[in-house]
Trainee: 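I'd like to ask you about the structure that follows.
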Amino acid sequence: MADDQPFPPGARRAVRPTAVIDCPACGELAGRGYPTCLVCAELVDQFWTLDWRPLVEVAGLPELELAELVLLEDVGKLPWTCTDVAMTLLRCPACGAELGTGDLPCLRCRVADENRWAWDHMGYPTRMTGNEHAMRVARMVLRAPHRHRETIVQGWRLTMPFLLLGELPTTSQAQRIRAHVLAERYDELARCRSLRELAGLPSVPWRKEV
Ligand SMILES: [Zn+2]
Ligand SMILES: [Zn+2]
């Protein structure tokens, strides 16, 4: 499997959309309904499945068997997307949840989730872009929201549609978006249609400095 490519890129086979769209199924900006809205789920997961499918074809194994093998591979030998799909397919032997997404006390899930990030430590920034890393984090957080603070989940949910376009908030944009989320302004933020708008939400009147 890709011996000549110690760091095959992940999530680069799908063509990025050029603009955000309203999801016809859930009405949110497409991607925000992940993973419960099936249309949003497909839109996000296409970046992962386009790497996974060829691997399945080459391997010629049942998917669950392949998933087990993928997690035993050396880090970086396969695209990170394939690690994620393998974890999505497998159940945690200890708690029964999707591997890596069980409730926080589950040690097996914690170890599996921590191991997944080894790719990012090794691949970033030359073999994995900041946008790809952010997409990976966003997908993982939205698949296991109970493992994270609500404000973190909201931040990634708000950002996901723009990550799909290939965008990445700057550090200062991310800080401002986070501040707005912490101020419980999710509904206002959800109406914004660009990262610039999300980060540029005006202060509420009573907070304005005089
Ligand atoms: Zn949707
Ligand atoms: Zn578990």
Side-chain angles (χ1 to χ4, degrees), residues 7-57 78-89 98 101 116-117 119-120 123-145 148 151-178 180-181 185-201:
F7 285 96
R12 293 187 193 171
R13 290 177 201 251
V15 178
R16 298 299 186 114
T18 52
V20 286
I21 52 161
D22 296 301
C23 171
C26 69
E28 302 259 12
L29 281 193
R32 278 194 188 144
Y34 189 84
T36 45
C37 167
L38 295 183
V39 174
C40 285
E42 186 163 344
L43 192 75
V44 173
D45 278 338
Q46 63 170 330
F47 292 93
W48 278 257
T49 47
L50 282 171
D51 291 330
W52 179 254
R53 264 192 230 117
L55 190 68
V56 173
E57 277 165 32
L78 297 168
W80 52 270
T81 40
C82 293
T83 305
D84 289 348
V85 175
M87 290 178 67
T88 299
L89 292 172
E98 173 183 320
T101 72
R116 123 170 49 211
W117 303 108
W119 213 113
D120 302 57
Y124 182 79
T126 52
R127 303 290 185 142
M128 185 181 208
T129 67
N131 168 266
E132 288 161 1
H133 171 68
M135 285 219 302
R136 191 176 199 209
V137 175
R139 178 182 179 276
M140 179 276 298
V141 168
L142 296 184
R143 289 194 78 83
H148 306 276
T151 49
I152 299 284
V153 177
Q154 288 183 342
W156 286 113
R157 195 174 293 291
L158 287 164
T159 316
M160 180 64 107
F162 310 108
L163 298 180
L164 296 179
L165 305 183
E167 296 175 357
L168 184 68
T170 62
T171 306
S172 73
Q173 280 180 328
Q175 282 167 351
R176 296 188 61 147
I177 294 168
R178 177 153 171 72
H180 296 325
V181 170
R185 301 177 74 189
Y186 184 88
D187 291 344
E188 282 173 82
L189 290 163
R191 289 195 286 274
C192 299
R193 299 186 73 84
S194 69
L195 278 178
R196 184 188 289 254
E197 251 188 88
L198 266 185
L201 207 66

Trainee: Return the set of residues passing side chain to side chain donor-acceptor pair (under 3.5 Å) with Thr81 (not counting sequence neighbours), or none when no residue passes.
Mentor: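 Result, side chain to side chain donor-acceptor pair (under 3.5 Å) vs Thr81: Asp51.
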Trainee: When you look at CZ of Arg196, are more than 12 heavy atoms from neighbouring residues, nucleotides or ligands closer to it than 6.0 Å?
Mentor: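 It does not: Arg196 CZ has 12 such atoms or fewer within range.
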Trainee: Of all heavy-atom pairs between Leu189 and Leu198, which one has the smallest distance, and what is that distance?
Mentor: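 Smallest heavy-atom distance, with atoms named: O-CD2, 3.3 Å.
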Trainee: Mind checking the CG-CD spacing from Asp187 to Gln154? Nearest 0.5 Å is all I need.
Mentor: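 Nearest 0.5 Å value for the CG-CD distance: 8.5 Å.
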Trainee: With a 4.5 Å limit on heavy-atom distance, are the side chains of Tyr186 and Arg157 in contact?
Mentor: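 A side-chain contact under 4.5 Å exists here.
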Trainee: Quick one: does Glu188's side chain have a donor or acceptor within less than 3.5 Å of a partner on Arg185's backbone?
Mentor: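 It does not hold such a pair.
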Trainee: Quick one: CE on Met160 to CZ on Phe162, what's the gap to the nearest 0.5 Å?
Mentor: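 Rounded to the nearest 0.5 Å, the CE-CZ separation comes out at 12.5 Å.
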Trainee: How many angstroms lie between atom CG of Asp45 and atom CG of Leu38, to the nearest 0.5 angstrom?
Mentor: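 The CG atom of Leu38 is 10.5 Å from CG of Asp45, to the nearest 0.5 Å.
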Trainee: Side-chain contact test, heavy atoms from C-beta onward, threshold under 4.5 Å: evaluate it for Ile21 versus Leu29 and give yes or no.
Mentor: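 A side-chain contact under 4.5 Å is absent here.
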Trainee: What's the shortest heavy-atom distance between Leu165 and Pro17, and which atoms?
Mentor: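 Taking Leu165 first and Pro17 second, the nearest heavy atoms are CD2-O, 3.3 Å.
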Trainee: Should Asp84 and Arg143 be marked as a salt bridge (Lys or Arg N to Asp or Glu O under 4.0 Å) after you check the CA-CA gap, both sets of side-chain angles, and the distance that decides it?
Mentor: CA-CA 11 Å; Asp84 289 348; Arg143 289 194 78 83; over 6 Å; no
Trainee: Could you grab the distance from atom CD of Gln173 to atom CD of Glu197, nearest 0.5 Å is fine?
Mentor: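 Reported to 0.5 Å precision, the distance equals 12.0 Å.
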Trainee: Quick one, Pro79 and Pro9 - any side-chain contact, counting heavy atoms below 4.5 Å?
Mentor: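 Pro79 does not reach Pro9 side chain to side chain.
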Trainee: Within a strict 4.5 Å, meaning less than it, do heavy atoms of the Leu201 and Cys192 side chains meet?
Mentor: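 Touching, per the 4.5 Å side-chain cut-off.
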Trainee: For Ala144 and Thr101, work out which heavy atoms get closest and say how close.
Mentor: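 Closest approach of Ala144 to Thr101, heavy atoms only: CB-CB, 3.8 Å.
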Trainee: Does the side chain of Asn131 come under 3.5 Å of the side chain of Arg136 through a donor N or O and an acceptor N or O?
Mentor: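 Their side chains do not contain a donor-acceptor pair, so the 3.5 Å distance test is not met.
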Trainee: Is the closest side-chain heavy-atom distance between Arg32 and Pro161 below 4.5 Å?
Mentor: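 When only atoms from C-beta onward are counted, Pro161 and Arg32 do touch, with a gap below 4.5 Å.
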Trainee: Is it the case that Arg139 and Thr88 place a side-chain donor and acceptor less than 3.5 Å from each other?
Mentor: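 Present: a donor and an acceptor within the cut-off.
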Trainee: Are the side chains of Asp22 and Arg193 in contact, using a 4.5 Å heavy-atom criterion?
Mentor: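 When only atoms from C-beta onward are counted, Asp22 and Arg193 do touch, with a gap below 4.5 Å.
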Trainee: Flag the pair Arg127 and Asp120 as a salt bridge only when some basic side-chain nitrogen lies within less than 4.0 angstrom of an acidic carboxylate oxygen.
Mentor: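 Salt bridge: no.
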Trainee: Does a salt bridge link Arg12 with Glu132, judged by any charged N lying under 4.0 Å from a carboxylate O?
Mentor: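 A salt bridge is present here (some side-chain N lies under 4.0 Å from a carboxylate O).
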Trainee: Does Trp80 have its ring centroid less than 6.0 Å away from the ring centroid of Trp117?
Mentor: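 Ring-ring flag for Trp80/Trp117: false, centres at least 6.0 Å apart.
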Trainee: State the CE-CD distance between Met135 and Glu167, to the nearest 0.5 angstrom.
Mentor: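 Met135 atom CE to Glu167 atom CD measures 12.5 Å (nearest 0.5 Å).
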Trainee: Can you tell if the side chain of Trp156 reaches within under 4.5 Å of the side chain of His148, non-hydrogen atoms only?
Mentor: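 Side chain of Trp156 against side chain of His148, heavy atoms only: no contact under 4.5 Å found.
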Trainee: Which atom names give the shortest non-hydrogen contact between Leu163 and Ala138, and what distance separates them?
Mentor: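 Nearest pair, atom of Leu163 first, then Ala138: CD1-CB, 3.8 Å.
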Trainee: What orientation do His133 and Tyr124 show, parallel under 30°, tilted 30 to 60°, or perpendicular over 60°?
Mentor: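 Answer is tilted, since the angle falls between 30° and 60°.
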Trainee: Can you tell me which residue among Leu195, Leu164, Val137 is in a side-chain contact (heavy atoms from CB on, under 4.5 Å) with Thr159?
Mentor: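 Exactly one candidate clears the test, Leu195.
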Trainee: Has Glu42 got more than 12 heavy atoms of other residues, nucleotides or ligands less than 6.0 Å from its CD?
Mentor: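 It does not: Glu42 CD has 12 such atoms or fewer within range.
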Trainee: So which heavy atom on Cys40 is nearest to which on Cys26, and how close?
Mentor: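 Nearest heavy atoms, Cys40 then Cys26: SG-SG, 3.7 Å.
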Trainee: Side-chain contact test, heavy atoms from C-beta onward, threshold under 4.5 Å: evaluate it for Arg116 versus Met140 and give yes or no.
Mentor: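 When only atoms from C-beta onward are counted, Met140 and Arg116 do touch, with a gap below 4.5 Å.
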Trainee: Looking at every heavy atom in both Arg16 and Ala11, which two are closest together, and how far apart are they?
Mentor: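 Residues Arg16 and Ala11, closest heavy atoms: NH2-O, 4.2 Å.
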